[in-house]
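Each chain gets a letter, A, B and so on, in the order its sequence line appears, and its residues count up from 1.
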Number of protein chains: 2
Amino acid sequence: MTNRGTRTAEPEARRKTTARGGDSRRQDLLEAAARRFASRGYEGTSIRDIARDVGMLPGSIYYHFTSKEELLVAVHKEGVLQVMEAVRKAVSKAGDDPWDRLTAAAEAHLEALLGKNEFSPVVTPQFTRGFEDPLRSTLIAQRDEYEAFFVSLVNKLPLPSGTSRQLFRLALLGSLNWTLTWYRPGRKKPATLARQMIGLYRKPLE
Amino acid sequence: MTNRGTRTAEPEARRKTTARGGDSRRQDLLEAAARRFASRGYEGTSIRDIARDVGMLPGSIYYHFTSKEELLVAVHKEGVLQVMEAVRKAVSKAGDDPWDRLTAAAEAHLEALLGKNEFSPVVTPQFTRGFEDPLRSTLIAQRDEYEAFFVSLVNKLPLPSGTSRQLFRLALLGSLNWTLTWYRPGRKKPATLARQMIGLYRKPLE
DNA sequence: TAGTACAACAAACGATCGCTTGTTAGGAGG
DNA sequence: CCTCCTAACAAGCGATCGTTTGTTGTACTA
(Lines give C-alpha, C1' and ligand atoms only; values in the text may rest on other atoms or scores of the structure.)
Protein backbone atom coordinates (compact mmCIF):
# COMPACT_ATOMS: atom_id res chain seq x y z
CA MET A 1 0.00 0.00 0.00
CA THR A 2 2.56 2.57 1.17
CA ASN A 3 1.71 5.72 -0.78
CA ARG A 4 1.25 4.50 -4.30
CA GLY A 5 -1.83 6.53 -5.02
CA THR A 6 -0.54 10.01 -4.27
CA ARG A 7 0.37 11.50 -7.60
CA THR A 8 2.43 14.40 -6.32
CA ALA A 9 4.73 14.08 -3.33
CA GLU A 10 2.93 15.26 -0.23
CA PRO A 11 4.31 18.39 1.48
CA GLU A 12 4.84 16.29 4.57
CA ALA A 13 8.07 15.09 3.06
CA ARG A 14 9.10 18.63 2.36
CA ARG A 15 8.64 19.78 5.92
CA LYS A 16 11.23 17.36 7.15
CA THR A 17 13.88 19.54 5.57
CA THR A 18 16.54 20.29 8.12
CA ALA A 19 14.09 19.20 10.80
CA ARG A 20 16.77 17.05 12.44
CA GLY A 21 20.46 16.50 12.02
CA GLY A 22 20.14 16.06 8.28
CA ASP A 23 20.81 12.45 7.29
CA SER A 24 17.16 11.58 7.78
CA ARG A 25 16.16 11.45 4.14
CA ARG A 26 19.33 9.65 3.16
CA GLN A 27 18.59 7.01 5.77
CA ASP A 28 15.06 6.64 4.40
CA LEU A 29 16.53 5.99 1.00
CA LEU A 30 18.94 3.40 2.35
CA GLU A 31 16.15 1.52 4.08
CA ALA A 32 13.78 1.62 1.14
CA ALA A 33 16.53 0.49 -1.20
CA ALA A 34 17.50 -2.33 1.15
CA ARG A 35 13.93 -3.59 1.27
CA ARG A 36 13.60 -3.49 -2.50
CA PHE A 37 16.99 -5.05 -3.16
CA ALA A 38 16.23 -7.82 -0.70
CA SER A 39 12.86 -8.69 -2.14
CA ARG A 40 13.30 -8.03 -5.86
CA GLY A 41 17.04 -7.96 -6.33
CA TYR A 42 19.24 -5.16 -7.58
CA GLU A 43 18.35 -5.42 -11.24
CA GLY A 44 14.73 -5.98 -10.38
CA THR A 45 14.59 -2.69 -8.52
CA SER A 46 14.33 0.63 -10.29
CA ILE A 47 15.31 4.04 -9.03
CA ARG A 48 11.68 4.96 -9.54
CA ASP A 49 10.53 2.19 -7.18
CA ILE A 50 12.74 3.48 -4.41
CA ALA A 51 11.76 7.09 -5.05
CA ARG A 52 8.09 6.22 -4.81
CA ASP A 53 8.64 4.35 -1.56
CA VAL A 54 10.14 7.37 0.18
CA GLY A 55 7.88 9.91 -1.55
CA MET A 56 10.37 11.65 -3.75
CA LEU A 57 10.90 12.12 -7.46
CA PRO A 58 13.36 9.75 -9.16
CA GLY A 59 15.85 12.44 -10.07
CA SER A 60 16.02 13.70 -6.50
CA ILE A 61 17.78 10.53 -5.40
CA TYR A 62 20.83 11.72 -7.29
CA TYR A 63 21.24 14.53 -4.84
CA HIS A 64 22.02 11.94 -2.15
CA PHE A 65 23.77 9.29 -4.23
CA THR A 66 25.72 9.74 -7.43
CA SER A 67 24.49 6.49 -8.95
CA LYS A 68 22.34 3.47 -8.36
CA GLU A 69 25.51 1.49 -7.86
CA GLU A 70 26.75 3.80 -5.14
CA LEU A 71 23.41 3.40 -3.42
CA LEU A 72 23.88 -0.35 -3.50
CA VAL A 73 27.33 -0.12 -1.98
CA ALA A 74 26.03 2.14 0.76
CA VAL A 75 23.19 -0.24 1.53
CA HIS A 76 25.56 -3.17 1.68
CA LYS A 77 27.97 -1.32 3.91
CA GLU A 78 25.21 -0.33 6.29
CA GLY A 79 24.01 -3.92 6.42
CA VAL A 80 27.43 -5.32 7.20
CA LEU A 81 27.92 -2.67 9.87
CA GLN A 82 24.65 -3.45 11.61
CA VAL A 83 25.18 -7.21 11.69
CA MET A 84 28.79 -6.81 12.74
CA GLU A 85 27.83 -4.53 15.59
CA ALA A 86 25.16 -6.93 16.85
CA VAL A 87 27.53 -9.89 16.79
CA ARG A 88 30.36 -7.96 18.39
CA LYS A 89 28.15 -6.90 21.25
CA ALA A 90 26.77 -10.40 21.80
CA VAL A 91 30.22 -11.96 21.89
CA SER A 92 31.54 -9.37 24.29
CA LYS A 93 28.72 -10.20 26.69
CA ALA A 94 29.46 -13.93 26.50
CA GLY A 95 31.84 -15.71 28.85
CA ASP A 96 35.25 -17.17 28.16
CA ASP A 97 34.23 -20.59 26.88
CA PRO A 98 34.96 -20.72 23.13
CA TRP A 99 31.81 -22.69 22.36
CA ASP A 100 29.70 -20.23 24.29
CA ARG A 101 31.25 -17.36 22.41
CA LEU A 102 30.59 -19.00 19.05
CA THR A 103 27.03 -19.77 20.09
CA ALA A 104 26.47 -16.16 21.08
CA ALA A 105 27.78 -15.04 17.73
CA ALA A 106 25.57 -17.49 15.87
CA GLU A 107 22.52 -16.35 17.80
CA ALA A 108 23.15 -12.71 17.04
CA HIS A 109 23.90 -13.57 13.45
CA LEU A 110 20.62 -15.37 12.93
CA GLU A 111 18.64 -12.77 14.83
CA ALA A 112 19.99 -10.10 12.52
CA LEU A 113 19.48 -12.24 9.45
CA LEU A 114 15.95 -13.40 10.16
CA GLY A 115 14.69 -10.52 12.27
CA LYS A 116 13.08 -7.28 11.24
CA ASN A 117 16.29 -5.81 9.93
CA GLU A 118 15.81 -4.98 6.27
CA PHE A 119 19.51 -4.69 5.57
CA SER A 120 20.74 -8.10 6.50
CA PRO A 121 19.46 -10.09 3.52
CA VAL A 122 21.53 -7.85 1.33
CA VAL A 123 24.64 -8.73 3.29
CA THR A 124 24.74 -12.41 2.39
CA PRO A 125 27.44 -13.31 -0.11
CA GLN A 126 24.88 -14.91 -2.35
CA PHE A 127 23.65 -11.41 -3.01
CA THR A 128 27.05 -10.60 -4.43
CA ARG A 129 26.61 -12.98 -7.35
CA GLY A 130 26.03 -11.44 -10.71
CA PHE A 131 27.87 -8.18 -10.26
CA GLU A 132 30.80 -7.14 -12.38
CA ASP A 133 34.19 -7.11 -10.88
CA PRO A 134 35.05 -3.67 -9.57
CA LEU A 135 31.75 -3.59 -7.75
CA ARG A 136 31.80 -7.23 -6.78
CA SER A 137 35.21 -6.92 -5.15
CA THR A 138 34.08 -3.94 -3.13
CA LEU A 139 31.13 -5.85 -1.73
CA ILE A 140 33.17 -8.95 -0.99
CA ALA A 141 35.77 -6.89 0.82
CA GLN A 142 33.11 -5.34 3.04
CA ARG A 143 31.68 -8.75 3.75
CA ASP A 144 35.04 -10.39 4.46
CA GLU A 145 35.65 -7.94 7.24
CA TYR A 146 32.66 -9.40 8.98
CA GLU A 147 33.42 -13.00 8.24
CA ALA A 148 36.87 -12.57 9.77
CA PHE A 149 35.05 -12.41 13.06
CA PHE A 150 33.95 -15.99 12.70
CA VAL A 151 37.39 -17.07 11.61
CA SER A 152 38.86 -16.00 14.94
CA LEU A 153 36.00 -17.51 16.94
CA VAL A 154 36.41 -20.87 15.24
CA ASN A 155 40.17 -20.77 15.58
CA LYS A 156 39.85 -20.69 19.37
CA LEU A 157 37.58 -23.72 19.41
CA PRO A 158 39.01 -26.92 20.97
CA LEU A 159 38.53 -29.14 17.95
CA PRO A 160 40.00 -32.60 17.54
CA SER A 161 43.08 -32.51 15.37
CA GLY A 162 42.31 -33.45 11.81
CA THR A 163 39.21 -31.31 11.67
CA SER A 164 39.57 -28.54 9.13
CA ARG A 165 38.63 -25.31 10.84
CA GLN A 166 37.99 -23.71 7.51
CA LEU A 167 35.59 -26.42 6.45
CA PHE A 168 33.90 -26.31 9.81
CA ARG A 169 33.37 -22.57 9.58
CA LEU A 170 32.09 -22.70 6.02
CA ALA A 171 29.71 -25.53 6.83
CA LEU A 172 28.37 -23.78 9.89
CA LEU A 173 27.91 -20.45 8.13
CA GLY A 174 26.25 -22.34 5.31
CA SER A 175 23.73 -23.91 7.63
CA LEU A 176 23.05 -20.58 9.30
CA ASN A 177 22.79 -18.47 6.18
CA TRP A 178 20.71 -21.05 4.39
CA THR A 179 17.91 -20.47 6.88
CA LEU A 180 17.11 -17.39 4.81
CA THR A 181 15.68 -19.67 2.14
CA TRP A 182 13.31 -21.62 4.33
CA TYR A 183 12.74 -19.85 7.65
CA ARG A 184 9.25 -18.59 8.38
CA PRO A 185 8.86 -16.38 11.45
CA GLY A 186 6.77 -17.54 14.36
CA ARG A 187 7.62 -21.21 14.37
CA LYS A 188 10.87 -20.98 16.23
CA LYS A 189 12.98 -18.12 17.45
CA PRO A 190 16.15 -17.42 15.43
CA ALA A 191 18.32 -17.68 18.54
CA THR A 192 16.90 -21.12 19.34
CA LEU A 193 17.55 -22.22 15.81
CA ALA A 194 21.13 -21.03 16.03
CA ARG A 195 21.74 -22.92 19.27
CA GLN A 196 20.29 -26.13 17.86
CA MET A 197 22.42 -25.88 14.77
CA ILE A 198 25.56 -25.36 16.75
CA GLY A 199 24.54 -28.40 18.77
CA LEU A 200 24.44 -30.49 15.61
CA TYR A 201 28.12 -29.77 15.09
CA ARG A 202 29.24 -29.55 18.65
CA LYS A 203 28.39 -32.96 20.00
CA PRO A 204 30.71 -35.02 17.85
CA LEU A 205 33.60 -32.60 17.92
CA GLU A 206 34.15 -31.70 21.54
CA MET B 1 34.17 -13.91 -26.85
CA THR B 2 31.57 -16.35 -28.27
CA ASN B 3 30.30 -14.65 -31.41
CA ARG B 4 29.82 -11.07 -30.37
CA GLY B 5 31.48 -9.56 -33.41
CA THR B 6 29.45 -11.22 -36.14
CA ARG B 7 26.81 -8.74 -37.11
CA THR B 8 24.57 -11.13 -38.99
CA ALA B 9 23.89 -14.64 -37.80
CA GLU B 10 26.21 -17.04 -39.58
CA PRO B 11 24.58 -19.55 -41.92
CA GLU B 12 26.06 -22.30 -39.79
CA ALA B 13 23.17 -21.85 -37.42
CA ARG B 14 20.78 -22.02 -40.28
CA ARG B 15 22.10 -25.31 -41.57
CA LYS B 16 21.27 -27.04 -38.32
CA THR B 17 17.63 -26.82 -39.23
CA THR B 18 16.08 -30.25 -38.94
CA ALA B 19 19.56 -31.70 -38.94
CA ARG B 20 18.65 -33.87 -35.98
CA GLY B 21 15.48 -34.69 -34.15
CA GLY B 22 14.49 -31.06 -33.94
CA ASP B 23 14.83 -29.86 -30.33
CA SER B 24 18.40 -28.83 -31.00
CA ARG B 25 17.87 -25.08 -31.17
CA ARG B 26 15.49 -25.13 -28.24
CA GLN B 27 18.11 -26.91 -26.19
CA ASP B 28 20.69 -24.31 -27.20
CA LEU B 29 18.38 -21.62 -25.90
CA LEU B 30 17.85 -23.44 -22.62
CA GLU B 31 21.59 -23.76 -22.06
CA ALA B 32 22.40 -20.19 -23.00
CA ALA B 33 19.59 -18.90 -20.81
CA ALA B 34 20.75 -21.07 -17.91
CA ARG B 35 24.28 -19.71 -18.19
CA ARG B 36 23.05 -16.13 -18.27
CA PHE B 37 20.53 -16.58 -15.49
CA ALA B 38 23.16 -18.20 -13.32
CA SER B 39 25.77 -15.51 -13.79
CA ARG B 40 23.70 -12.34 -14.11
CA GLY B 41 20.35 -13.31 -12.68
CA TYR B 42 16.95 -13.34 -14.35
CA GLU B 43 16.37 -9.59 -14.34
CA GLY B 44 19.97 -8.98 -15.28
CA THR B 45 19.57 -11.06 -18.42
CA SER B 46 17.86 -9.74 -21.52
CA ILE B 47 16.24 -11.68 -24.30
CA ARG B 48 18.77 -10.00 -26.56
CA ASP B 49 21.67 -11.41 -24.55
CA ILE B 50 20.40 -14.93 -24.95
CA ALA B 51 19.62 -14.44 -28.61
CA ARG B 52 23.14 -13.19 -29.26
CA ASP B 53 24.64 -16.16 -27.43
CA VAL B 54 22.93 -18.69 -29.65
CA GLY B 55 23.21 -16.59 -32.82
CA MET B 56 19.61 -15.72 -33.35
CA LEU B 57 17.54 -12.55 -33.47
CA PRO B 58 15.66 -11.57 -30.30
CA GLY B 59 12.24 -12.02 -31.78
CA SER B 60 13.03 -15.53 -32.96
CA ILE B 61 13.14 -16.77 -29.40
CA TYR B 62 9.39 -16.32 -29.25
CA TYR B 63 8.96 -19.09 -31.73
CA HIS B 64 10.32 -21.52 -29.13
CA PHE B 65 9.01 -19.90 -25.94
CA THR B 66 5.97 -17.74 -25.50
CA SER B 67 7.65 -15.47 -22.96
CA LYS B 68 10.81 -14.84 -21.03
CA GLU B 69 9.07 -16.22 -17.97
CA GLU B 70 8.22 -19.48 -19.71
CA LEU B 71 11.85 -19.79 -20.70
CA LEU B 72 12.84 -19.42 -17.07
CA VAL B 73 10.43 -22.11 -15.96
CA ALA B 74 11.75 -24.45 -18.64
CA VAL B 75 15.34 -23.79 -17.60
CA HIS B 76 14.50 -24.43 -13.98
CA LYS B 77 12.65 -27.63 -14.78
CA GLU B 78 15.53 -28.91 -16.88
CA GLY B 79 17.95 -28.13 -14.06
CA VAL B 80 15.92 -29.95 -11.45
CA LEU B 81 15.57 -32.91 -13.76
CA GLN B 82 19.29 -33.19 -14.39
CA VAL B 83 20.30 -32.98 -10.75
CA MET B 84 17.54 -35.33 -9.70
CA GLU B 85 18.61 -37.89 -12.26
CA ALA B 86 22.25 -37.73 -11.17
CA VAL B 87 21.36 -38.19 -7.50
CA ARG B 88 18.90 -40.95 -8.21
CA LYS B 89 21.49 -42.89 -10.13
CA ALA B 90 24.18 -42.42 -7.49
CA VAL B 91 21.93 -43.59 -4.68
CA SER B 92 20.78 -46.63 -6.60
CA LYS B 93 24.40 -47.67 -7.05
CA ALA B 94 25.13 -47.29 -3.33
CA GLY B 95 24.75 -50.10 -0.82
CA ASP B 96 22.17 -50.57 1.89
CA ASP B 97 23.79 -48.54 4.66
CA PRO B 98 21.75 -45.36 5.18
CA TRP B 99 24.84 -43.23 5.77
CA ASP B 100 26.44 -44.52 2.60
CA ARG B 101 23.32 -43.75 0.66
CA LEU B 102 23.16 -40.22 2.01
CA THR B 103 26.83 -39.73 1.26
CA ALA B 104 26.34 -40.90 -2.30
CA ALA B 105 23.48 -38.47 -2.71
CA ALA B 106 25.52 -35.59 -1.27
CA GLU B 107 28.41 -36.39 -3.60
CA ALA B 108 26.21 -36.41 -6.66
CA HIS B 109 24.48 -33.28 -5.45
CA LEU B 110 27.70 -31.33 -5.10
CA GLU B 111 29.13 -32.68 -8.32
CA ALA B 112 26.09 -31.42 -10.17
CA LEU B 113 26.08 -28.12 -8.30
CA LEU B 114 29.76 -27.30 -8.68
CA GLY B 115 30.59 -29.14 -11.86
CA LYS B 116 30.30 -28.04 -15.45
CA ASN B 117 26.53 -28.24 -15.49
CA GLU B 118 25.17 -24.80 -16.32
CA PHE B 119 21.69 -25.58 -15.11
CA SER B 120 22.31 -26.45 -11.52
CA PRO B 121 22.96 -22.97 -10.09
CA VAL B 122 19.52 -22.02 -11.27
CA VAL B 123 18.02 -24.86 -9.31
CA THR B 124 18.95 -23.62 -5.85
CA PRO B 125 16.04 -22.21 -3.87
CA GLN B 126 17.91 -18.99 -3.34
CA PHE B 127 17.38 -18.37 -7.02
CA THR B 128 13.66 -18.45 -6.36
CA ARG B 129 13.76 -15.30 -4.28
CA GLY B 130 12.38 -12.17 -5.81
CA PHE B 131 9.79 -13.69 -8.10
CA GLU B 132 6.10 -12.96 -7.84
CA ASP B 133 3.82 -15.61 -6.54
CA PRO B 134 2.32 -17.58 -9.38
CA LEU B 135 5.79 -18.02 -10.84
CA ARG B 136 7.49 -18.48 -7.51
CA SER B 137 5.16 -21.28 -6.50
CA THR B 138 5.77 -23.10 -9.73
CA LEU B 139 9.51 -23.05 -9.20
CA ILE B 140 9.27 -24.09 -5.57
CA ALA B 141 7.02 -26.99 -6.48
CA GLN B 142 9.53 -28.23 -9.04
CA ARG B 143 12.29 -27.91 -6.49
CA ASP B 144 10.39 -29.62 -3.68
CA GLU B 145 10.05 -32.72 -5.76
CA TYR B 146 13.81 -33.01 -5.67
CA GLU B 147 14.23 -32.15 -2.04
CA ALA B 148 11.79 -34.91 -1.09
CA PHE B 149 14.55 -37.25 -2.08
CA PHE B 150 16.69 -36.04 0.79
CA VAL B 151 13.79 -36.20 3.19
CA SER B 152 13.48 -39.94 2.68
CA LEU B 153 17.23 -40.50 2.88
CA VAL B 154 17.50 -38.63 6.16
CA ASN B 155 14.46 -40.37 7.56
CA LYS B 156 16.18 -43.73 7.23
CA LEU B 157 19.24 -42.52 9.10
CA PRO B 158 19.90 -44.07 12.54
CA LEU B 159 19.93 -40.82 14.46
CA PRO B 160 19.83 -40.57 18.26
CA SER B 161 16.35 -39.78 19.46
CA GLY B 162 15.94 -36.10 20.14
CA THR B 163 17.67 -35.06 16.95
CA SER B 164 15.29 -33.25 14.64
CA ARG B 165 15.53 -34.88 11.25
CA GLN B 166 14.15 -31.79 9.63
CA LEU B 167 16.76 -29.56 11.19
CA PHE B 168 19.46 -32.04 10.32
CA ARG B 169 18.43 -32.10 6.69
CA LEU B 170 18.15 -28.33 6.41
CA ALA B 171 21.52 -27.82 8.05
CA LEU B 172 23.18 -30.36 5.80
CA LEU B 173 21.62 -29.00 2.63
CA GLY B 174 22.61 -25.55 3.78
CA SER B 175 26.23 -26.55 4.15
CA LEU B 176 26.19 -28.24 0.77
CA ASN B 177 24.38 -25.56 -1.17
CA TRP B 178 26.38 -22.78 0.42
CA THR B 179 29.49 -24.09 -1.29
CA LEU B 180 28.18 -22.30 -4.37
CA THR B 181 29.17 -19.00 -2.78
CA TRP B 182 32.77 -19.89 -1.99
CA TYR B 183 33.87 -22.94 -3.95
CA ARG B 184 36.63 -22.46 -6.50
CA PRO B 185 37.33 -25.41 -8.80
CA GLY B 186 40.67 -27.13 -8.66
CA ARG B 187 41.33 -27.01 -4.96
CA LYS B 188 39.27 -29.97 -3.92
CA LYS B 189 36.91 -32.25 -5.77
CA PRO B 190 33.21 -31.69 -5.08
CA ALA B 191 32.72 -35.31 -4.07
CA THR B 192 35.52 -35.08 -1.51
CA LEU B 193 34.00 -31.94 -0.13
CA ALA B 194 30.64 -33.63 0.21
CA ARG B 195 32.14 -36.59 2.08
CA GLN B 196 34.01 -34.33 4.48
CA MET B 197 30.91 -32.31 5.20
CA ILE B 198 28.87 -35.40 5.93
CA GLY B 199 31.70 -36.47 8.22
CA LEU B 200 31.25 -33.30 10.24
CA TYR B 201 27.74 -34.44 11.11
CA ARG B 202 28.22 -38.15 11.13
CA LYS B 203 30.78 -38.85 13.84
CA PRO B 204 28.80 -37.91 16.90
CA LEU B 205 25.46 -39.10 15.79
CA GLU B 206 25.88 -42.73 14.88
C1' DT C 1 6.21 -30.02 -58.75
C1' DA C 2 2.94 -27.62 -55.88
C1' DG C 3 1.67 -27.09 -51.07
C1' DT C 4 2.61 -26.76 -46.33
C1' DA C 5 4.93 -26.37 -42.04
C1' DC C 6 9.03 -24.95 -39.86
C1' DA C 7 12.43 -21.76 -38.06
C1' DA C 8 14.18 -18.07 -38.56
C1' DC C 9 14.82 -12.79 -40.04
C1' DA C 10 13.68 -7.68 -40.12
C1' DA C 11 11.66 -4.01 -38.09
C1' DA C 12 9.37 -1.72 -34.98
C1' DC C 13 5.97 -1.07 -30.88
C1' DG C 14 5.24 1.27 -26.33
C1' DA C 15 7.14 1.05 -21.82
C1' DT C 16 10.63 1.63 -18.77
C1' DC C 17 15.42 2.14 -17.64
C1' DG C 18 19.39 5.09 -15.27
C1' DC C 19 20.55 9.52 -15.35
C1' DT C 20 21.04 14.82 -16.49
C1' DT C 21 19.73 19.40 -16.54
C1' DG C 22 17.58 23.54 -15.11
C1' DT C 23 14.74 25.49 -11.63
C1' DT C 24 12.71 26.60 -7.10
C1' DA C 25 11.00 26.79 -2.20
C1' DG C 26 12.70 27.62 2.23
C1' DG C 27 15.93 28.06 6.17
C1' DA C 28 20.61 29.85 7.92
C1' DG C 29 23.86 33.39 8.51
C1' DG C 30 25.97 37.78 7.40
C1' DC D 1 17.41 42.36 3.55
C1' DC D 2 20.27 39.86 0.89
C1' DT D 3 22.89 35.91 -0.12
C1' DC D 4 23.94 31.24 -0.07
C1' DC D 5 23.03 26.48 0.61
C1' DT D 6 20.06 22.57 0.90
C1' DA D 7 16.84 19.38 -0.83
C1' DA D 8 13.90 18.82 -3.57
C1' DC D 9 10.76 19.24 -8.17
C1' DA D 10 9.82 19.07 -13.32
C1' DA D 11 10.96 17.53 -17.56
C1' DG D 12 13.15 14.97 -20.65
C1' DC D 13 17.48 12.59 -22.63
C1' DG D 14 19.07 8.32 -25.20
C1' DA D 15 19.26 3.51 -24.42
C1' DT D 16 17.30 -0.73 -23.66
C1' DC D 17 13.51 -3.58 -22.27
C1' DG D 18 10.00 -7.60 -23.54
C1' DT D 19 7.20 -8.42 -27.13
C1' DT D 20 4.51 -8.33 -31.73
C1' DT D 21 3.93 -8.45 -36.50
C1' DG D 22 4.83 -9.50 -41.20
C1' DT D 23 7.92 -11.82 -44.23
C1' DT D 24 11.23 -15.28 -46.13
C1' DG D 25 14.12 -19.16 -47.22
C1' DT D 26 14.25 -24.04 -46.64
C1' DA D 27 12.86 -28.86 -46.23
C1' DC D 28 9.50 -32.36 -46.09
C1' DT D 29 5.30 -34.34 -48.35
C1' DA D 30 1.82 -35.58 -51.58
Side-chain angles (χ1 to χ4, degrees), chain A residues 3-4 6-30 32-33 36-37 40-75 131-132 135, chain B residues 3-4 6-30 32-33 36-37 40-75 131-132 135:
Chain A
N3 51 3
R4 286 288 305 267
T6 55
R7 273 278 60 98
T8 56
E10 49 260 56
E12 188 192 353
R14 265 276 161 109
R15 242 192 299 110
K16 272 191 180 176
T17 306
T18 333
R20 279 202 311 99
D23 274 350
S24 151
R25 256 28 256 304
R26 187 190 145 98
Q27 199 64 23
D28 290 347
L29 282 170
L30 283 178
R36 287 278 178 181
F37 290 162
R40 300 270 177 269
Y42 177 72
E43 309 276 3
T45 300
S46 74
I47 286 290
R48 287 165 173 84
D49 289 334
I50 301 168
R52 198 186 310 113
D53 287 348
V54 302
M56 181 185 289
L57 291 192
S60 307
I61 291 183
Y62 290 84
Y63 175 78
H64 301 276
F65 300 94
T66 73
S67 68
K68 186 189 179 187
E69 194 171 296
E70 197 202 77
L71 175 54
L72 167 68
V73 173
V75 165
F131 294 123
E132 292 291 348
L135 170 58
Chain B
N3 51 3
R4 287 288 304 269
T6 55
R7 275 276 61 94
T8 56
E10 49 259 55
E12 188 192 354
R14 266 276 162 110
R15 243 192 301 109
K16 273 191 181 175
T17 306
T18 334
R20 278 202 312 100
D23 275 350
S24 152
R25 257 27 256 304
R26 186 189 147 99
Q27 198 64 23
D28 291 347
L29 282 171
L30 283 178
R36 287 277 178 181
F37 290 162
R40 301 269 175 269
Y42 177 71
E43 309 277 3
T45 300
S46 75
I47 286 290
R48 288 167 173 82
D49 289 334
I50 300 167
R52 199 186 310 114
D53 288 348
V54 303
M56 181 185 288
L57 291 192
S60 307
I61 291 182
Y62 289 84
Y63 175 79
H64 301 275
F65 300 95
T66 73
S67 69
K68 187 188 180 188
E69 194 170 297
E70 196 202 78
L71 175 54
L72 167 67
V73 173
V75 165
F131 294 122
E132 293 290 349
L135 171 57

Handout entry: d(CZ, A:Arg26; P, D:dA8) in whole Å
Key = 13 Å
Exercise for the section: Could you check which of C:dA8, D:dA10, C:dC19 has an atom nearest any side-chain atom of A:Pro58? Expected result: C:dC19
Handout entry: Nearest-angstrom distance from the residue atom CZ of A:Arg40 to P of C:dC17
Key = 13 Å
Practice task
Would you mind classifying the nucleic acid contact of B:Ile47 as base, sugar-phosphate or nothing, using non-hydrogen atoms under 4.0 angstrom?
Solution key: base
Practice task
With DNA chain D as reference, determine whether A:Tyr63 or A:Arg48 sits nearer its 5' end, using the nearest nucleotide of each.
Solution key: A:Tyr63
Completion exercise
Taken to the nearest 0.5 Å, the spacing of A:Leu30 CG from A:Gln27 CD works out to 5.0 Å
Fill in the blank from the handout: Contacts of B:Tyr62 and A:Ser60 projected onto DNA chain D by closest heavy atom; the upstream (5') one is A:Ser60
Problem - Value in whole Å for how far the C1' atom of D:dC17 lies from OH of B:Tyr42 - result: 12 Å
Handout entry: OP1 or OP2 of D:dC17 under 4.0 Å from side-chain N/O of B:Ser46
Key = yes
Problem - Check: A:Lys68 side chain, A:Tyr42 main-chain N or O, donor-acceptor pair, under 3.5 Å - result: yes
Practice task
May I have the distance from A:Arg25 (atom CZ) to C:dA25 (atom C1'), rounded to whole angstrom?
Solution key: 15 Å
Exercise for the section: Please state how far atom NZ in B:Lys68 lies from atom C1' in D:dT16, giving the value in whole angstrom units. Expected result: 12 Å
Exercise for the section: Quickly work out the A:Leu29 CG to D:dA8 C1' distance and round it to whole Å. Expected result: 11 Å
Practice task
When you get a sec, tell me which of C:dC19, C:dC9, D:dA7 is the closest nucleotide to the side chain of A:His64?
Solution key: D:dA7
Practice task
State the CZ-CD1 distance between B:Arg26 and B:Ile61, to the nearest 0.5 angstrom.
Solution key: 12.5 Å
Problem - Protein-nucleotide distance (B:Ile61, atom CD1; D:dC17, atom P), rounded to Å - result: 12 Å
Handout entry: B:Tyr63 and B:Arg25: CA distance, side-chain angles, deciding distance, side-chain contact (heavy atoms from CB on, under 4.5 Å) verdict
Key = CA-CA 11 Å; B:Tyr63 175 79; B:Arg25 257 27 256 304; over 6 Å; no
Problem - Under 3.5 Å: donor-acceptor pair, side chain of A:Thr45, backbone of A:Arg36 - result: yes
Exercise for the section: Could you check how far CD of B:Glu70 sits from P of D:dG18, rounded to whole Å? Expected result: 15 Å
